Amino acid sequence: MLRLTTKQLLSYIIWAGILLLAAFLFVGTNYIFSSVLLFLFVLFEWGYATYYTHKSSNIYFFSPIFQTMYCSLFYCLLIGLFYFSKYNFIEFFRLPTSDSGLLFQISVIYFIFLSAIFAPYVICLLFNFKPRINFKVLKYNFSLVKLERYLKISLLVLIVLLGLIFISTGYNPISALLNPSEFRYGYSHGIANAFYRLFNVLTCLNLLIVLKNLLIDKIRVKKIKLLNYAFLGFYLFWTIISGARSYIVIPLIYSAYCLSFIKNLKINLKQILILIFSVAFTLLFAAGYFMYRNYMQNVQSGKVQKLTKEVNVVYSSIERIDNFANSVMYFVHVNRNSDLFNFNNFHLKKQFVSQFQMFIPRSVIPDKGYPISGELTKLIYPEAFRGNVNLIFGGLTNLFHTGGVGYVVIDALLFGLFLAIMEFSFKYLIQYDLFLLIYLLIFLDIPIMYFYTGFINSEVIFSLLIKFFIVIPILYLLIEKPRGGKLNG
């Protein structure tokens, strides 16, 4: 009789759902040759995930390879299949050309891009070569005494930072609640943004620590439990006034991260019902908050009567995944002057120069360039750029704009090599608190950033560096130094 662990069963269900969704979109395609390449790659990922699930009873749902696969599905494959399908009802996603040959070339470039990313890992598996890092500094667990002290101090720091955000934006809790969109714009600009960047990193770090305490470690120390709940109360308060739906969804995502690392995960009917309720509540809360935010914004502008006609939560959510649609617009623009595979109008120097100039105020260098989102928006959507709107074109487009197909392959192979090393190191280090928190808060964002906008000439490098230099010292201060030269855990 076949016996499956809870994790294996969940993995089979998740990947069966992904395959069915991909098949549904593929069957409804309007461009068969463009969609077939994307669907073939979905089959490849499904095949690997199924084989991995069969071989391993303890599934690492968010290992480096799986996280990259999820990102490729979200930003390239499933959204691409939707884009080419008859179900594409998004006005903004309307195809800019009916040239099936050009659309096929675009799918070929995506296929090459994804193949280069996963090639190093596949080659390592085939030749049984497993490169990995083995840094002793990553093999530490946290001290409960230091953890309790940190939760106290950090909560006070967060309260002070929130106060500084209020002072620098001119808002208070009531006015922020009544004007969430304007408050969000306020703390995203000027001096308030400096306070917010630090506030955001500490908030996400503490949320992960608290969820790890509650879900993985199940710490029963009374003071730590009280501090955990005190932070969750503070987080809920911030979520309600922040004007950002992401803070509603983040706890659900972080909870999934933490639960996935429980080795002997077992789910009963009660837990399934709790999970369904949590997901439903999160989605409804996010949708309701979206409606409220837009309602309050329309109250200020006197457009309340138009709200029900202008707002559609489902459509607006899908429109946010616009990387693929924007990349097609870019490739169509390139094709007007050059065949995609003969493109040689590279921007390598400009991309790297712009990356370093990004840290210098425009008042010092008035004619400095813009991040890649701005550069490409100015090129493809000049009217949007003049309206101070920057669109995201995706990491693949960033690489192609930098150095054509050749650069896409080189960069993807290097990223894939880094990915392979992390994957083979992962299972040896994930048992330690220090590595786990660094991995959850920093590494899991790297594949997202790579597919979402790319690293060259983009602001994600700056955000990643800020997070790195804040998180690493804090986590290192929490570790319990081993006695007698032995590592704990």
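As a basis for the values below, the full set of heavy atoms in this structure was taken, side chains included, without hydrogen atoms, waters or symmetry mates. For this chain, numbers begin at 1 and follow the sequence in order. Owing to the predicted nature of the structure, the values given are computational and were not obtained by experimental measurement.
For Thr282 (side chain) and Ser278 (main-chain N/O), a donor-acceptor pair under 3.5 Å exists by modelled atom type. In this structure a side-chain-to-backbone donor-acceptor pair under 3.5 Å is present from Ser175 to Asn172. No donor-acceptor pair closer than 3.5 Å links the side chain of Asn200 to the backbone N or O of Tyr196. Panel note: side chain Thr6, backbone Leu265; a donor-acceptor pair is recorded below 3.5 Å. Under the 3.5 Å distance criterion, the side-chain polar atoms of Gln8 are matched with a main-chain donor or acceptor of Ser56. Proximity of a side-chain donor or acceptor of Ser168 to a complementary backbone N or O of Ile191 within less than 3.5 Å is not detected. Judged purely by atom type and a 3.5 angstrom limit, Ser463 has no side-chain atom pairing as donor or acceptor with the backbone of Val460. When atom types are taken as modelled, the side chain of Thr377 and the backbone of Leu391 share a donor-acceptor pair closer than 3.5 angstrom.
When all heavy atoms of Tyr140 and Tyr432 are compared, the pair lying nearest together is O-CB, 3.7 Å. Lys225 and Ile219 get closest at one heavy-atom pair: CG-O, 3.4 Å. Of all heavy-atom pairs between Leu419 and Pro64, the closest is CD1-O, 3.3 Å. In this structure, Ser327 and Phe393 approach most closely via the heavy-atom pair CB-O, 3.7 Å. A pairwise comparison of heavy atoms in Ala116 and Leu413 identifies O-CD2, 3.4 Å as the closest pair. The two residues Leu155 and Phe231 come nearest to each other via the heavy atoms CD1-CA, 4.3 Å.
A tilted orientation is assigned to the rings of Trp238 and Tyr187, their planes being inclined by 30° to 60°.
Paired with Tyr110 under the rule ring-ring contact (aromatic ring centres under 6.0 Å, His included), one option of Tyr75, Tyr83, Phe41, Phe324 passes, and it is Phe324. A side chain to side chain contact (heavy atoms under 4.5 Å, CB included) with Ser143 is found for one member of Asn141, Leu147, Val145 and no other, namely Val145. For the pairing with Phe66, the ring-ring contact (aromatic ring centres under 6.0 Å, His included) check across Tyr52, Phe61, Phe118, Tyr121 returns one residue only, Tyr52.
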**Message:** Before you tell me yes or no, could you show the steps for Asn398 and Gln351 under side chain to side chain contact (heavy atoms under 4.5 Å, CB included), namely the whole-Å CA-CA distance, both residues' side-chain angles and the distance that decides it to 0.1 Å?
**Reply:** CA-CA 9 Å; Asn398 188 333; Gln351 289 276 66; 3.0 Å; yes
**Message:** Go through it in stages, so that I can follow the logic: the residues are Phe435 and Ile430, the test is side chain to side chain contact (heavy atoms under 4.5 Å, CB included), and I'd like the CA-CA distance, side-chain angles, deciding distance and then a yes or no.
**Reply:** CA-CA 6 Å; Phe435 178 80; Ile430 202 62; 3.9 Å; yes
**Message:** Is there a side chain to side chain contact (heavy atoms under 4.5 Å, CB included) between Glu423 and Tyr60? Walk through the geometry before answering.
**Reply:** CA-CA 10 Å; Glu423 179 70 19; Tyr60 289 111; over 6 Å; no
**Request:** Go through the steps to decide whether Glu45 and Trp15 satisfy the test side chain to side chain contact (heavy atoms under 4.5 Å, CB included), and finish with yes or no.
**Result:** CA-CA 9 Å; Glu45 294 187 351; Trp15 282 98; 4.2 Å; yes
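Tyr428 places none of its side-chain heavy atoms less than 4.5 Å from the side chain of Lys139. Inter-residue side-chain proximity for Leu475 and Leu205 is flagged as met; some heavy-atom pair is nearer than 4.5 Å. Residues Leu43 and Leu19 meet the side-chain proximity criterion, which asks for heavy atoms closer than 4.5 Å. With contacts defined as side-chain heavy-atom distances shorter than 4.5 Å, the pair Thr397/Asn326 does not qualify. In this structure the side chain of Leu178 never reaches within 4.5 angstrom of the side chain of Phe183, judged on heavy atoms. You'll find the side chain of Leu236 stays beyond 4.5 Å of the side chain of Leu232, heavy atoms only. For the pair Ile79/Phe93, a side-chain contact is recorded, criterion being any heavy-atom separation below 4.5 Å from C-beta on. The side-chain heavy atoms of Phe74 and Ile321, taken from C-beta on, include a pair separated by under 4.5 Å.
Taking CD from Glu148 and NZ from Lys222, the interatomic distance works out to 12.5 Å, rounded to the nearest 0.5 Å. To the nearest 0.5 Å, atom CD1 of residue Ile153 and atom CD1 of residue Ile474 are 10.5 Å apart. Of the inter-residue distances, the one linking Leu429 atom CG with Leu138 atom CG reads 6.0 Å to the nearest 0.5 angstrom. Rounding to the nearest 0.5 Å gives a distance of 9.0 Å between OH of Tyr247 and CZ of Arg184. With rounding to the nearest 0.5 Å, the separation of CG in Leu114 from SG in Cys76 is 5.0 Å. In this structure, CD1 in Ile470 is found 11.0 Å from CG in Leu465, a value given to the nearest 0.5 Å.
The neighbour count for Lys146 NZ, taken as heavy atoms of other residues, nucleotides or ligands under 6.0 Å away, is above 12. Within 6.0 Å of CZ on Phe468 lie no more than 12 heavy atoms contributed by other residues, nucleotides or ligands.
Evaluation of the side-chain hydrogen bond (donor to acceptor under 3.5 Å, both in side chains) test over residues 202-213, restricted to residues two or more places apart or in two chains, returns Tyr150-Asn206, Ser154-Asn206, Lys212-Asp217, Lys212-Asp433, Asn213-Asn228.
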For residues 437-456, which side-chain donor-acceptor pairs fall under 3.5 Å, sequence neighbours excluded?
{"from": "Tyr439", "atom 1": "OH", "to": "Phe62", "atom 2": "O", "distance (Å)": "2.5"}
{"from": "Asp445", "atom 1": "OD2", "to": "Lys467", "atom 2": "NZ", "distance (Å)": "2.5"}
{"from": "Tyr450", "atom 1": "OH", "to": "Asp411", "atom 2": "OD1", "distance (Å)": "2.8"}

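Taking the side chain to side chain contact (heavy atoms under 4.5 Å, CB included) definition, one finds that Pro173 meets it with Phe166, Phe237, sequence neighbours left out.
Ring centroids of Phe199 and Phe195 are separated by 6.0 Å or more, keeping the two rings apart. Aromatic ring centres of Tyr48 and Phe44 lie farther apart than the 6.0 Å criterion allows.
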